[in-house]
Amino acid sequence: MSDRLDGWAAANRPSGRAWDISTAETQSIPVQGTTQSMPAQGTPGVPTKPAPYRRGEETVSAPTLTPTPEPEPEPTPTPTPTVRRRAPKEPLSRRRRIIRLAIVTVSALLLASGSAYVWADTQLNREVDLGKSPDRPPPGKGTNYLIVGSDSREGLSEQARKNLRTGSAEGRRTDSMMVLHTGSNGTTMMSLPRDSWVTIPGFLRPDTGKTFAPSQNKLNAAYSMGGPDLLVSTIERNTGLRIDHYAEIGFSGFVDVVDAVGGVRMCVNRDIKDPKSGLDLQKGCHTLDGAKALAFVRQRKQEAKGDLGRTQNQQKFLAALADKAATPGVLANPFAAFPTVRAGLDTLIVDKDMGLRNLMSLFEAMKGVTSGDGRQLNVPVANPNLRTSKGSAVQWNVTQARRLFDQLRNDQPVDIAPPTP
């Protein structure tokens with residue numbers, strides 16, 4: 001009996017393949033010719049270790065199967081960020097385009113004008129030191145500018161000198177001098193004839209070291225002997241007015257400024273033909289370019305009042321030039337203002353405290369004279385042909401001149417009658 005069972009067991013022993021086909025619930029294991037159902041152990045769906053076979057007193061273990069490892073859970077996918085796209089912009093309206101263009105244009109103009117302003121301010125030739133003059137009069141009310149037109153030929157070629165008929169004299173001499181006073185009672189432009197007979201204070205010439213005692217001489221001699229410093233000291237001593245700012249321009253700069261503003265319109269009440277200056281104008285109104293303007297302000301032989309008549313022409317022209325140069329269209333437009341400012345820089349000489357803002361104030365004040373907000377006059381004269389050791393000179397009316405100087409120093413209304421045309 002035992003032999004029959006052993007043969008049967010050997011013939012019916014399940015193979016390793018049979019274990020793979022086990023169910024998740026039970027395994028059928030044949031024992032001694034019968035089949036018993038046993039509950040499955042372990043994880044559902046994974047074959048469990050089978051019970052041992054028994055053969056008599058001997059126990060035979062079934063083959064051991066390695067459990068199938070559990071699959072690793074798949075990683076949770078990272079959510080893709082949602083990209084929000086902007087809605088397409090609506091086209092700008094015509095009004096908004098115009099506003100935006102205006103903003104960009106104004107910004108560009110401000111930047112350009114600011115750059116030109118800074119550049120021009122750094123280019124000023126601050127040569128005159130007003131603070132070093134001795135025995136200066138006390139400060140008055142308002143502001144006094146000394147405006148000087150010199151006959152400096154600096155910057156002019158030989159051909160230009162010939163065309164402008166400036167002559168070949170070297171150095172610098174004064175061709176015109178004016179005191180421009182601004183204050184609470186408007187603007188007064190007072191011309192000082194270059195042949196005025198005045199007292200020149202004592203001075204030391206730096207180039208030679210020679211000392212000069214005070215002397216009587218013509219006003220333009222002060223400039224010739226001691227330059228702007230001595231000229232300022234002479235005017236302050238003879239008028240009692242403290243000069244706050246100094247501005248001087250030569251022939252070349254004058255011509256360039258006039259041309260840069262497109263010429264200046266002037267009207268004359270008679271024909272003027274002056275062979276020496278080359279001026280040839282018919283009665284009526286004309287737009288003078290730089291060359292004709294220079295001839296107009298220099299000629300005096302055709303003036304009935306001589307040098308006094310010339311100072312009147314100079315005042316009239318400078319006021320018209322300032323009116324043209326200080327118009328909003330020129331000052332607000334850096335592309336128009338820049339050539340005007342640059343044109344005068346080559347021969348412009350100012351004091352150490354002068355800035356571009358002060359120059360603009362000066363132009364505005366001169367413009368006010370043209371518009372009626374001010375007065376144009378000469379220093380009162382007693383004798384326009386005084387005989388002196390230095391030739392013919394202009395003698396001031398001391399009483400009226402002192403009254404005028406006092407009114408300007410105290411910033412009072414000026415009641416001196418202007419000269420007749």
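Atoms considered below: every heavy atom in the structure, side chains included; atoms not considered: hydrogens, waters and symmetry mates.
- Each disulfide bond (SG atoms under 2.5 Å apart) pair with one or both residues in residues 232-289, not counting sequence neighbours, appears once here: C267-C285.
- Below 30°, between 30° and 60°, or above 60°: for W396 and F405 the angle between ring planes is above 60°, a perpendicular geometry.
- When the ring-ring contact (aromatic ring centres under 6.0 Å, His included) test is applied to H286, no partner is found at least two apart in sequence or on another chain.
- Of the charged side-chain nitrogens involved, at least one lies within less than 4.0 Å of a carboxylate oxygen, so that D415 and R403 count as a salt-bridged pair.
- Side-chain contact check for H181 and D411: at least one donor-acceptor pair (N or O, by modelled atom type) lies under 3.5 Å.
- V179 places none of its side-chain heavy atoms less than 4.5 Å from the side chain of Y145.
- Judged as a side-chain hydrogen bond (donor to acceptor under 3.5 Å, both in side chains), and not counting sequence neighbours, the contacts of D229 are K132.
- Partners of T239 by side-chain hydrogen bond (donor to acceptor under 3.5 Å, both in side chains), not counting sequence neighbours: none found.
- Inspection of the T311 and N378 side chains reveals an N or O donor paired with an N or O acceptor under 3.5 Å.
- By the 4.5 Å heavy-atom criterion applied to side chains, N358 and T143 are not counted as neighbours.
- For the pair K316 and M266, the minimum side-chain heavy-atom distance is below 4.5 Å.
- Residues passing the side-chain hydrogen bond (donor to acceptor under 3.5 Å, both in side chains) test with S191 are Q315, sequence neighbours excluded.
- R402 is linked by a side-chain hydrogen bond (donor to acceptor under 3.5 Å, both in side chains) to nothing, counting only residues two or more places apart in sequence or in another chain.
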